[in-house]
Student: 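Please read through the structure below; I'll follow up with questions.
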2 protein chains.
Amino acid sequence: MANCSVARTLDVVGTRSTLLVMREAFLGTRRFHDFAERIGSGEAVTAARLRDLTAAGLMEKVPYQEPGQRTRYEYQLTQKGRDLLHAIMALREWGDSWAADEQGPPWISTHTGCGAEVRTVMRCAHGHDVHFGETTVTPGPGLILTDPAAHS
Amino acid sequence: MANCSVARTLDVVGTRSTLLVMREAFLGTRRFHDFAERIGSGEAVTAARLRDLTAAGLMEKVPYQEPGQRTRYEYQLTQKGRDLLHAIMALREWGDSWAADEQGPPWISTHTGCGAEVRTVMRCAHGHDVHFGETTVTPGPGLILTDPAAHS
DNA sequence: TGCCTGACTTTGTCCGATGCTAGCCAGCGC
DNA sequence: GCGCTGGCTAGCATCGGACAAAGTCAGGCA
């Protein structure tokens, strides 16, 4: 099980604070102060997460300058970071379904074009909707080369 | 930001070993020995995660009996657990795209009906495909009641 | 009755994530 | 230059998860 894509993903974004930073980024947050305030984990943790995510290539620092202020940097998602959107959305949906308080979900995500609510779904390359139990998992090229010795 | 569905989800499945157990469950693993062996995190961690997931209602223990063996229990996903499939799939896809080794992804997930590869996508209730930047996030009922005092 | 095996549980230790406080530093206004 | 402010960084205590090894327990079996 050495070569598992889920484990590899968790190596990069596997901590709570990292995923919360990414959540904020998807909500449109760009600046250090806003991240620190909204995540509620302290400036040190925020700075560490932003540094790690920048180093990992999920975010990039872009300079900006408010009038009368010195140049500062904001943090924008790269394509690599934006590709995590589905995962964040799916985690949010699960929380909405199974862990929301009585009042309902805190945020609602809608399609900007038509206003209808957005959800994640699975779909195959032929365009069919796919649900739990309708998938077949087969070893891919990355697995075959890994375990001549132990099966683990 | 107290009421965030992503954070609530992470309270339940926010650790690496928890998500690895869920991944194994989606690959069809049911029995303690198989979980422990394939996750590679030791029996103590495996037992703790299975216990936590059962207590949280994502899995349930179902008795079974091999001939000549005493009754044992296997762990099956409940609906609450199965609903995490999209999140696991999305994390796996990200790992395949951005963190796979040169040989390629270790597993390939295909639609059992037609054999085409499966991916997660976002779609609105009207049936439109939705991509990054095409969503509007608005406060939902759960947020409005939380912050009379501080904005945080 | 006592052994043996598989499935956990307990104990202890280590390490990384977190939270807190204080300090550094670049650069704009003065 | 000088001080002030925002954006980090360093140091430290704490806590929870990860890992290893030994202990417990149920029940089939000799």
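The sequence lines fix the lettering, A, B, ..., with proteins before strands; numbering per chain opens at 1.
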Student: Atom CG of A:Leu53 and atom P of D:dC8: how far apart are they, to the nearest Å?
Tutor: 14 Å
Student: Find the distance A:Glu43:CD to D:dC8:P and express it as a whole number of Å.
Tutor: 9 Å
Student: Considering only heavy atoms and no angle criterion, is a donor-acceptor pair shorter than 3.5 Å present between the side chain of B:Arg70 and the base of D:dA26?
Tutor: yes
Student: At less than 4.0 Å, is any side-chain N or O atom of A:Gln65 found next to OP1 or OP2 of C:dC28? Yes or no.
Tutor: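 So the side chain of A:Gln65 is within the cut-off, an N or O lying under 4.0 Å from OP1 or OP2 of C:dC28.
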Student: Is A:Arg72 near enough to C:dG27 that one of its side-chain N or O atoms lies under 4.0 angstrom from OP1 or OP2?
Tutor: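 For C:dG27, OP1/OP2 do not have a side-chain N/O of A:Arg72 under 4.0 Å.
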Student: Is there a side-chain contact between B:Phe32 and B:Tyr73, using heavy atoms and a 4.5 Å cut-off?
Tutor: no
Student: Could you tell me whether A:Thr46 contacts a base, only the sugar-phosphate backbone, or nothing, with contacts defined as non-hydrogen atoms closer than 4.0 Å?
Tutor: nothing
Student: Please report, rounded to the nearest Å, how far the P atom of D:dC8 is from the CZ atom of A:Phe35.
Tutor: 11 Å
Student: Nearest whole Å is fine: how far is D:dT9 C1' from A:Arg51 CZ?
Tutor: 8 Å
Student: In whole angstrom, give the distance that lies between atom OH of B:Tyr64 and atom C1' of D:dG27.
Tutor: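 After rounding, the gap between these two atoms is 14 Å.
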Student: Does B:Tyr75 or A:Thr15 map to a spot on DNA chain C nearer the 5' end, using the closest nucleotide for each?
Tutor: B:Tyr75
Student: Please tell me whether A:Phe26 and B:Val6 are part of a single hydrophobic cluster in this structure, the criterion being side-chain heavy atoms less than 4.5 Å apart.
Tutor: yes
Student: Determine whether A:Leu20 and A:Arg23 make a side-chain contact, defined as any pair of heavy atoms from C-beta on separated by less than 4.5 Å.
Tutor: yes
Student: Rounded to whole Å, how long is the line connecting atom CG of A:Leu50 with atom P of D:dC8?
Tutor: 8 Å
Student: Would you kindly give the CG-to-P distance between B:Asp34 and C:dC8, to the nearest whole Å?
Tutor: 12 Å
Student: Answer with base, sugar-phosphate or nothing: what part of the nucleic acid does A:Arg49 contact at a heavy-atom distance below 4.0 Å?
Tutor: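 The answer is sugar-phosphate, as A:Arg49 gets under 4.0 Å only of primed atoms, P, OP1 or OP2.
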Student: Would you mind classifying the nucleic acid contact of B:Ala44 as base, sugar-phosphate or nothing, using non-hydrogen atoms under 4.0 angstrom?
Tutor: base
Student: Quick one: do A:Leu84 and A:Val118 end up in the same hydrophobic cluster if we chain Ile, Leu, Val, Met, Phe, Trp and Tyr together by side-chain heavy atoms under 4.5 Å apart?
Tutor: yes
Student: Between D:dG7 atom P and A:His33 atom NE2, what is the distance in whole Å?
Tutor: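 It is 7 Å, rounded to the nearest whole Å.
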Student: Categorize B:Thr71 for me: base, sugar-phosphate, or nothing, with a 4.0 angstrom heavy-atom threshold over every strand shown.
Tutor: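 It contacts nothing in the nucleic acid.
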Student: Would you call A:Asp11 and A:Arg8 a salt bridge, using N to O less than 4.0 angstrom?
Tutor: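 Salt bridge between A:Asp11 and A:Arg8, a charged N being under 4.0 Å from a carboxylate O: no.
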Student: Please check the phosphate of D:dG7 (OP1 and OP2 only) for any side-chain N or O of A:Arg31 closer than 4.0 Å.
Tutor: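 No, no such contact exists.
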